[in-house]
Structure formats: C-alpha cells, structure tokens
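Working notes for the structure below.
From a predicted model like this one, the values you see are computed outputs, not experimental measurements.
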Amino acid sequence: MHRLGLVVVACLAPLVLGACGKSSKQDQLAYEACLASAKKDAKIANAAFSTLEQSKITGSTGEEEMRVNIPYELDGKKATFQCIAQKQPDGTFKAIF
C-alpha cells in the first residue's frame with residue numbers, strides 16, 4: 001500500500017470504528033416497539049430481554065420497516081424474539097409481525 005493509502009486508512013479508521021456500536025434513533029424506536037410487543041406476549045412476558053446494543057436490527061424494506069431480533073432468556077433457556085417494526089406517518093414505529 002502506498003504511503004498516502006496508509007494515511008487515509010489511519011485517518012478513517014477512528015471514524016469507522018467510532019460509528020460501530022452506535023444506534024440510530026430509528027433503531028431505538030423500532031427496538032422499543034418490538035420490546036413492547038414481546039412484553040405483551042404472555043408466553044415470554046417475564047423473560048429477561050437483551051438491550052438495544054445486544055439486539056440485531058436491520059432494514060427490511062428501505063427505512064419503512066426494520067427487522068428486530070431481541071435475544072432473551074426465560075427459565076434458563078435462551079431464544080430470540082423476532083419482530084418487524086413499521087415506521088408510522090408520525091415517525092413512530094409499530095410492531096407488525
């Protein structure tokens with residue numbers, strides 16, 4: 001790698017790494033909608049749910065829908081609550097699946 005390439009990589013690395021682990025406002029809203037949905041499910045309502053940072057959130061179809069996977073533990077067993085949160089016209093998210 002050329003010297004200039006090394007300088008560019010060295011300068012960009014902190015920016016890229018600094019972005020890791022940070023969640024967007026939309027991720028937070030989608031997580032909260034799905035967590036509320038999970039807590040309404042009588043089968044898993046008493047589970048210990050993972051935090052936003054421990055969950056996996058990905059865009060499903062653009063920014064209108066987010067796929068949210070929230071790990072949880074219940075009675076010593078680990079599982080994942082899967083949900084799709086859809087963005088509403090007012091900017092909030094609603095769990096639709």
Quick note, side chain to side chain donor-acceptor pair (under 3.5 Å) partners involving residues 70-79, not counting sequence neighbours, are none
Is there side-chain contact between Cys34 and Ile70, with heavy atoms separated by less than 4.5 Å? yes
When you compare the side chain of Thr58 with that of Met66, does any pair of heavy atoms fall below 4.5 Å? no
Sequence neighbours excluded, the answer for ring-ring contact (aromatic ring centres under 6.0 Å, His included) partners of Phe81 is none
With sequence neighbours left out, the residues meeting side chain to side chain donor-acceptor pair (under 3.5 Å) with Thr92 are Asp90
Residues at least two apart in sequence or cross-chain that pass side-chain contact (heavy atoms from CB on, under 4.5 Å) with Asp41, listed by chain then number, are Lys43, Ile44
Answer whether the closest heavy-atom distance between the side chains of Glu65 and Phe93 falls below 4.5 Å. no
Value for OG (Ser24) from OH (Tyr31), rounded to nearest 0.5 Å, stands at 14.5 Å
With sequence neighbours left out, the residues meeting side-chain contact (heavy atoms from CB on, under 4.5 Å) with Lys39 are Leu35, Phe49
For Glu32, the side chain to side chain donor-acceptor pair (under 3.5 Å) test, sequence neighbours excluded, returns Gln28
Side chain of Gln88, backbone of Gln86: donor and acceptor closer than 3.5 Å? yes
